[in-house]
Amino acid sequence: MLSYKFFNQLPKEAMYIRETVFIKEQGFHNEFDDIDAKAIHLIIYIDDNAVGNVRTFVDKKEPFTYIIGRLAVLKDYRKLHLGQKLIQLIETKIKKSGGKKAVLSAQCQAQKFYEKLGYVASGDVYLDEHCPHIHMEKILL
């Protein structure tokens with residue numbers, strides 16, 4: 001059974017998922033930051049097992065804009081469209097909070113995934129640690 005929960009602080013389930021996906025699988029080092037303390041975190045569960053997460057927070061530079069990040073799904077649960085579900089749920093939360101636009105820094109290998117969800121790439125490709133990323137955004141209607 002699929003369920004989800006929002007948190008106002010970084011839950012241990014999100015720490016485990018992010019450590020597994022971003023540090024152990026993908027080789028990132030700087031996974032946790034000060035933003036975790038102020039972000040809204042979303043965990044998705046299958047049969048009470050935490051299997052995916054994402055976070056969002058207000059962009060202080062641009063009114064009505066939220067930054068989405070740290071989207072991760074454990075390997076055994078990929079191909080179940082949970083990433084899409086996480087984005088849809090976090091966008092709904094953003095809209096309910098008064099947000100009009102979502103922006104994110106996508107790994108280039110995930111660009112097409114975000115494009116299918118209505119995000120548009122802009123700017124040049126840049127490296128975040130060792131990995132190519134691109135800025136993407138979407139107007140939330």
Inset, instruction - Please name the residue in the list Ile94, Asp59, Ile35 that meets the side-chain contact (heavy atoms from CB on, under 4.5 Å) test with Ile67. - result: Asp59
Legend entry - Beyond-backbone contact of His41 with Asn53, side-chain heavy atoms, under 4.5 angstrom: no
Inset, instruction - Can you establish whether the number of heavy atoms outside Asp48 located under 6.0 Å from its atom CG is more than 12? - result: no
Inset, instruction - Taking atom OH of Tyr4 as the centre, report whether more than 12 heavy atoms of other residues, nucleotides or ligands fall under 6.0 Å from it. - result: no
Inset, instruction - For the pair Tyr119 and Tyr114, name the ring-plane relationship: parallel under 30°, tilted 30 to 60°, perpendicular over 60°. - result: perpendicular
Legend entry - Greater than 12 external heavy atoms within 6.0 Å of Phe6's CZ: yes
Legend entry - Which atom of Ala72 lies closest to which atom of Leu86, heavy atoms considered: O-CD1, 4.3 Å
Legend entry - Shortest non-hydrogen separation from Tyr126 to Ser105 and the atoms involved: OH-OG, 2.5 Å
Legend entry - Check: Leu10 and Arg70 side chains under 4.5 Å, non-hydrogen atoms: no
Legend entry - Ile44 side chain reached by Lys85 side chain, heavy atoms, under 4.5 Å: yes
Legend entry - Any donor-acceptor pair under 3.5 Å from Glu129 side chain to Asn30 backbone: yes
Legend entry - Pairwise side-chain contact, Arg78 with Lys75, heavy-atom cut-off 4.5 Å (strictly under): yes
Inset, instruction - Write down the atom of Cys108, the atom of Ile134, and the distance for their closest heavy-atom approach. - result: SG-N, 4.1 Å
Inset, instruction - Would you indicate whether Gln9, at its atom CD, is surrounded by more than 12 heavy atoms from other residues, nucleotides or ligands within a distance under 6.0 Å? - result: no
Legend entry - Flag side-chain contact, heavy atom, 4.5 Å: Leu2 against Leu80: no
Inset, instruction - Mind listing the closest non-hydrogen atom pair of Ser97 and Tyr66 along with its distance? - result: CB-OH, 3.2 Å
Inset, instruction - Return the minimal non-hydrogen interatomic distance between Lys138 and Leu117, and the atom names on each side. - result: NZ-O, 2.7 Å
Inset, instruction - Report the C-alpha distance between Glu62 and Lys101 in whole Å, list the side-chain angles of each, state the deciding distance to 0.1 Å, and finish with yes or no for salt bridge (charged side-chain N to carboxylate O under 4.0 Å, His left out). - result: CA-CA 9 Å; Glu62 197 172 343; Lys101 182 165 82 170; 2.4 Å; yes
Legend entry - Side chain proximity check, Met136 to Glu115, heavy atoms < 4.5 angstrom: yes
Inset, instruction - Drop me the distance from Leu71's CG to Leu104's CG, to the nearest 0.5 angstrom. - result: 9.0 Å
Legend entry - Approximate separation, where rounding is to 0.5 Å, of His81 NE2 and Gln88 CD: 11.0 Å
Legend entry - Lys95 atom NZ, neighbour heavy-atom count above 12 within 6.0 Å: yes
Inset, instruction - Any chance you could lay out the side chain to side chain contact (heavy atoms under 4.5 Å, CB included) test for Glu13 and Lys5, step after step, and finish with the verdict? - result: CA-CA 11 Å; Glu13 298 98 327; Lys5 185 174 179 184; over 6 Å; no
Legend entry - Tyr45 side chain near Met1 side chain, heavy-atom distance below 4.5 Å: no
Legend entry - Over all atoms of both residues, closest heavy-atom pair of Gly52 and Ile17: N-CD1, 3.4 Å
